[in-house]
Asker: 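I'd like to ask you about the structure that follows.
Because the structure is a prediction, the values reported are computed rather than measured.
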Amino acid sequence: MKRILVVKLSSLGDLLHALPAVHRIRSALGAEVDWACHDVYRPLVERFEPVSRAISFPRKSLVRDGHAFLRELRTLEYDLALDFQGLLKSALVARAARVARVIGPSFPREGSRLFYDAVAGPRNKNRHAVEECLDTARYLGVPDSPVEFPIRIPPAVLEDPRPRVGLLPCSRRPEKNWPVRRFAETARALRDEVGSWLILGGAADAGACAELAGLIGGSARNLCGQTTLIDLVGLIRALDLLVTVDSGPMHIAAAVETPTVAIFGPTDPVRTGPYGNIHRVVRPTTRMDDIPAEPVIEAVRQQLGANKRAGRAGT
């Protein structure tokens, strides 16, 4: 097999969930891998070690730039296309390529199954999304191996005192957000145990992050909106702990093995929580607003203690 097309257009967490399967397939089969993704994620996908070429899908300018995308997609011939998304859009992208065979995931939706030659095993949603993606590797006969997230990321240079704890209070869905005042209460309670607090977020989160910085005071550094996606990956890797809601950066932390305290509400951490056994999840029985600060404070203390025992964090 000479060349494989991977189709996983979005979102940030979903791209990272597919990476271990793609890495395992690339390592076993030795094929060149191209990856079609939304244009905003191309800089990250280009740094995935198994990927030879990232192909930008113009999500917001498809009418204007669709023909250019198709030309790039069809530049080369593929022995196989692997759709890890399972939607009609992703299936059409896979089928539009010059490809001999298209394999879909075990959970095809929106009629996408009509465009696949096969799907990668039976549907089973009671497990993590990373394991779902690995179905495709197993379907191709690739033997199991340790789960890895190989990304080429330049190291961030931070001079902030350690332990460094990141605070990420916002996701793209408001119902997944924990109140800013609770994040601030957590930071104030741990003032003598944490060297520095780094507040993270995108440009749309500026208001919440500024409020959080003001509530914490001088020990917090607000980096909201000041990093590129690649910079953010390096920064998260340089943290000792990330306290976060269910978000794309939470999955970055899992991929670069930065421990997290992940605060979950309406989504299922079994499927989309931080992957790996170095993380802790705090989840309410009702609404996000009902989670008090105390269980998060305790989870942070436990994580910082685990870091010291494992030699992961500076003091």
Asker: Would V233 and W35 show up in the same hydrophobic cluster when neighbours are defined by side-chain heavy atoms closer than 4.5 Å?
Answerer: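 Yes, same cluster.
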Asker: Is there a donor-acceptor contact under 3.5 Å from the side chain of D205 to the main chain of G202?
Answerer: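 Pair found, side chain donor or acceptor close to backbone of G202.
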Asker: Can you check salt bridge (Lys or Arg N to Asp or Glu O under 4.0 Å) on R59 and D39, steps first, answer last?
Answerer: CA-CA 7 Å; R59 181 172 63 94; D39 44 12; 5.3 Å; no
Asker: Hey, any chance V7 and I55 share a hydrophobic cluster, counting ILVMFWY side chains that come within less than 4.5 Å of each other, even indirectly?
Answerer: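 Yes; tracing contacts between hydrophobic side chains, which count when under 4.5 Å, links both residues.
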Asker: Kindly compute the distance separating OH (Y41) from OG (S10), expressed to the nearest 0.5 Å.
Answerer: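 OG of S10 is found 6.0 Å from OH of Y41.
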Asker: Under a 3.5 Å distance rule, please check whether E32 uses its side chain to pair with a backbone N or O of S52 as donor and acceptor.
Answerer: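 Between the backbone of S52 and the side chain of E32 there is no qualifying donor-acceptor contact (under 3.5 Å).
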Asker: Is there side-chain contact between L242 and L167, with heavy atoms separated by less than 4.5 Å?
Answerer: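 They are not in side-chain contact.
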Asker: Taking NZ, NE, NH1 and NH2 as the nitrogens, is one of them in R162 or D240 under 4.0 Å from a carboxylate oxygen of the other?
Answerer: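 Looking at R162 and D240, the cut-off is met.
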Asker: Do side-chain atoms of R188 reach the backbone of L215 as a donor and acceptor pair under 3.5 angstrom?
Answerer: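 Present.
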Asker: Might you work through the side chain to side chain contact (heavy atoms under 4.5 Å, CB included) test for I297 and V300, ending with a clear yes or no?
Answerer: CA-CA 5 Å; I297 293 168; V300 171; 5.9 Å; no
Asker: In the single-linkage hydrophobic clustering (I, L, V, M, F, W, Y; side-chain heavy atoms under 4.5 Å), do I252 and I278 co-cluster?
Answerer: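 No, separate clusters.
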Asker: Treating T75 as the side-chain partner and R71 as the backbone partner, does any N or O pair qualify as donor plus acceptor under 3.5 Å?
Answerer: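 Confirmed, T75 side chain pairs with R71 backbone.
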Asker: Could you go step by step and tell me if D135 and R127 meet the salt bridge (Lys or Arg N to Asp or Glu O under 4.0 Å) rule?
Answerer: CA-CA 12 Å; D135 283 344; R127 55 190 172 147; 2.5 Å; yes
Asker: If you take all heavy atoms of P179 and D289, which pair is closest and at what distance?
Answerer: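 For P179 and D289, the tightest heavy-atom pair comes out as CG-OD1, 3.4 Å.
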Asker: Quick one: does any side-chain atom of H17 pair with a main-chain N or O of G13 as donor and acceptor, under 3.5 Å?
Answerer: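 Such a contact is found between H17 side chain and G13 backbone.
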Asker: Identify, with sequence neighbours excluded, every residue that meets salt bridge (charged side-chain N to carboxylate O under 4.0 Å, His left out) alongside D144.
Answerer: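 Per chain and number, D144 pairs via salt bridge (charged side-chain N to carboxylate O under 4.0 Å, His left out) with R24, R138.
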Asker: Considering all heavy atoms of both residues, which atom of A94 and which atom of V99 are nearest to each other, and what is their separation?
Answerer: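 Result for this residue pair: O-CG1, 3.5 Å.
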Asker: Check R3, R26, K8 against D34 for a salt bridge (charged side-chain N to carboxylate O under 4.0 Å, His left out) and give me the one that passes.
Answerer: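 Per the salt bridge (charged side-chain N to carboxylate O under 4.0 Å, His left out) rule, the option paired with D34 is R3, out of R3, R26, K8.
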Asker: CD of Q226 to CG of L200: how many Å apart, nearest 0.5 Å?
Answerer: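 Going from CD on Q226 over to CG on L200, the span is 10.0 Å.
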Asker: With hydrophobic residues grouped by side-chain heavy-atom distances under 4.5 Å, do V165 and I263 end up in a single group?
Answerer: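 Both belong to a single hydrophobic cluster.
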Asker: For atom NZ of K125, is the number of surrounding heavy atoms from other residues, nucleotides or ligands below 6.0 Å larger than 12?
Answerer: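 More than 12 within 6.0 Å, yes.
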Asker: Using every non-hydrogen atom in the two residues, find where E72 and S56 come nearest and quote the distance to one decimal.
Answerer: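 Result for this residue pair: OE1-N, 4.3 Å.
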Asker: To the nearest 0.5 angstrom, please state how far the CG atom of D268 sits from the NE2 atom of H128.
Answerer: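 Output value for this atom pair is 9.5 Å.
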Asker: Using side-chain heavy atoms (C-beta onward) and a distance below 4.5 Å, is Y139 in contact with L82?
Answerer: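 Not touching, per the 4.5 Å side-chain cut-off.
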Asker: Quick one, R164 with S196, criterion side-chain hydrogen bond (donor to acceptor under 3.5 Å, both in side chains). Give me CA distance, side-chain angles, the key distance, then yes/no.
Answerer: CA-CA 5 Å; R164 305 181 193 112; S196 53; 5.2 Å; no
Asker: Looking at every non-hydrogen atom in both residues, tell me the closest pair between A36 and V93 and how far apart they are.
Answerer: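 Where A36 meets V93 most closely, the heavy atoms are CB-CG1, 4.3 Å.
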Asker: Could you check whether any side-chain N or O of S61 sits under 3.5 Å from a backbone N or O of R64, counting only pairs where one atom can act as donor and the other as acceptor?
Answerer: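 Not a single qualifying donor-acceptor pair exists.
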Asker: Using side chain to side chain donor-acceptor pair (under 3.5 Å) as the criterion, list what pairs up with R173, not counting sequence neighbours.
Answerer: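 By the side chain to side chain donor-acceptor pair (under 3.5 Å) rule, R173 matches E175.
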Asker: Please enumerate all residues that pass salt bridge (charged side-chain N to carboxylate O under 4.0 Å, His left out) together with K176, with sequence neighbours excluded.
Answerer: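 With sequence neighbours excluded, K176 shows a salt bridge (charged side-chain N to carboxylate O under 4.0 Å, His left out) to D246, given in chain and number order.
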Asker: With sequence neighbours excluded, tell me which residues meet salt bridge (charged side-chain N to carboxylate O under 4.0 Å, His left out) with R182.
Answerer: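 Salt bridge (charged side-chain N to carboxylate O under 4.0 Å, His left out) list for R182, sorted by chain: E185.
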Asker: Tell me whether V40 is reachable from V51 by hopping between hydrophobic residues (I, L, V, M, F, W, Y) whose side-chain heavy atoms are closer than 4.5 Å.
Answerer: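 Linked within one cluster.
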Asker: Count the heavy atoms of every other residue, nucleotide or ligand shown that sit under 6.0 Å from CD of E257, and state whether that count exceeds 12.
Answerer: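 Not buried by this count: 12 neighbours or fewer within 6.0 Å.
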Asker: Starting from L114, walk the hydrophobic network (Ile, Leu, Val, Met, Phe, Trp, Tyr; side-chain heavy atoms closer than 4.5 Å) and list everyone else you reach, by chain and number.
Answerer: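 Same cluster as L114: L88, L92, F115.
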Asker: Only one of L140, L134, V33, V6 forms a side-chain contact (heavy atoms from CB on, under 4.5 Å) with I25, so which one is it?
Answerer: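 Result for side-chain contact (heavy atoms from CB on, under 4.5 Å) with I25: L140.
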Asker: Step by step, would you call N124 with S106 a side chain to side chain contact (heavy atoms under 4.5 Å, CB included)?
Answerer: CA-CA 8 Å; N124 176 6; S106 61; over 6 Å; no
Asker: With heavy-atom distances below 4.5 Å as the criterion, would you say the side chains of L229 and L12 are in contact?
Answerer: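 Answer yes - side chains close enough.
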Asker: Can you tell me how far apart SG (C224) and CD1 (I199) are? Round to the nearest 0.5 Å.
Answerer: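 So the gap between those two atoms works out to 9.0 Å.
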Asker: Measuring from R42:CZ to E46:CD, what's the distance to the nearest 0.5 Å?
Answerer: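 Output value for this atom pair is 5.0 Å.
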Asker: Taking NZ, NE, NH1 and NH2 as the nitrogens, is one of them in R271 or E132 under 4.0 Å from a carboxylate oxygen of the other?
Answerer: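 Between E132 and R271 there is a salt bridge, with a charged N closer than 4.0 Å to a carboxylate O.
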Asker: Shortest non-hydrogen contact from F183 to V243?
Answerer: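 Where F183 meets V243 most closely, the heavy atoms are CE2-O, 3.8 Å.
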Asker: State, yes or no, whether a side-chain contact exists between F107 and V119 at a heavy-atom distance under 4.5 Å.
Answerer: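 The answer is no, as the side chains (C-beta and beyond) never meet within the 4.5 Å cut-off.
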Asker: Does F149 form a side chain to side chain contact (heavy atoms under 4.5 Å, CB included) with V256? I'd like the steps, not just the answer.
Answerer: CA-CA 7 Å; F149 298 84; V256 300; over 6 Å; no
Asker: Minimum heavy-atom separation for Y116 to G86, with atom names?
Answerer: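 Minimum heavy-atom separation between Y116 and G86: OH-CA, 3.4 Å.
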Asker: Please answer whether the main-chain N or O of L87 pairs with a side-chain N or O of R109 as donor and acceptor at a distance below 3.5 Å.
Answerer: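 Flag not set: sc R109 to bb L87 has no pair under 3.5 Å.
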Asker: Hey, does I153 have a side-chain heavy atom less than 4.5 Å from the side chain of R47?
Answerer: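 They are in contact (side-chain heavy atoms under 4.5 Å apart), so the answer is yes.
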Asker: So, are D117 and R95 salt-bridged, with charged N and O less than 4.0 Å apart?
Answerer: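 R95 and D117: salt-bridged.
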Asker: What's the verdict on side chain to side chain contact (heavy atoms under 4.5 Å, CB included) for E148 and E49, showing C-alpha distance, side-chain angles and the deciding distance?
Answerer: CA-CA 11 Å; E148 298 180 73; E49 288 186 9; over 6 Å; no
Asker: Look up atom CG in L198 and atom OG in S219, then write down how far apart they are to the nearest 0.5 Å.
Answerer: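 One gets 10.5 Å once the value is rounded to the nearest 0.5 Å.
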Asker: A side-chain contact here means heavy atoms from C-beta on lying under 4.5 Å apart; do V245 and S171 qualify?
Answerer: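 With C-beta onward as the side chain, the pair touches.
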Asker: Each residue besides M250 in its hydrophobic cluster should be listed here, by chain and number; the cluster joins Ile, Leu, Val, Met, Phe, Trp and Tyr at side-chain heavy-atom distances under 4.5 Å.
Answerer: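 Besides M250, the hydrophobic cluster comprises F264, V281, listed by chain and residue number.
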Asker: Does I291 reach the side chain of M288, with side-chain heavy atoms less than 4.5 Å apart?
Answerer: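 Counting from C-beta outward, I291 and M288 do come under 4.5 Å.
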Asker: Do L190 and R301 touch side chain to side chain, with heavy atoms closer than 4.5 Å?
Answerer: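 The answer is yes, as the side chains (C-beta and beyond) meet within the 4.5 Å cut-off.
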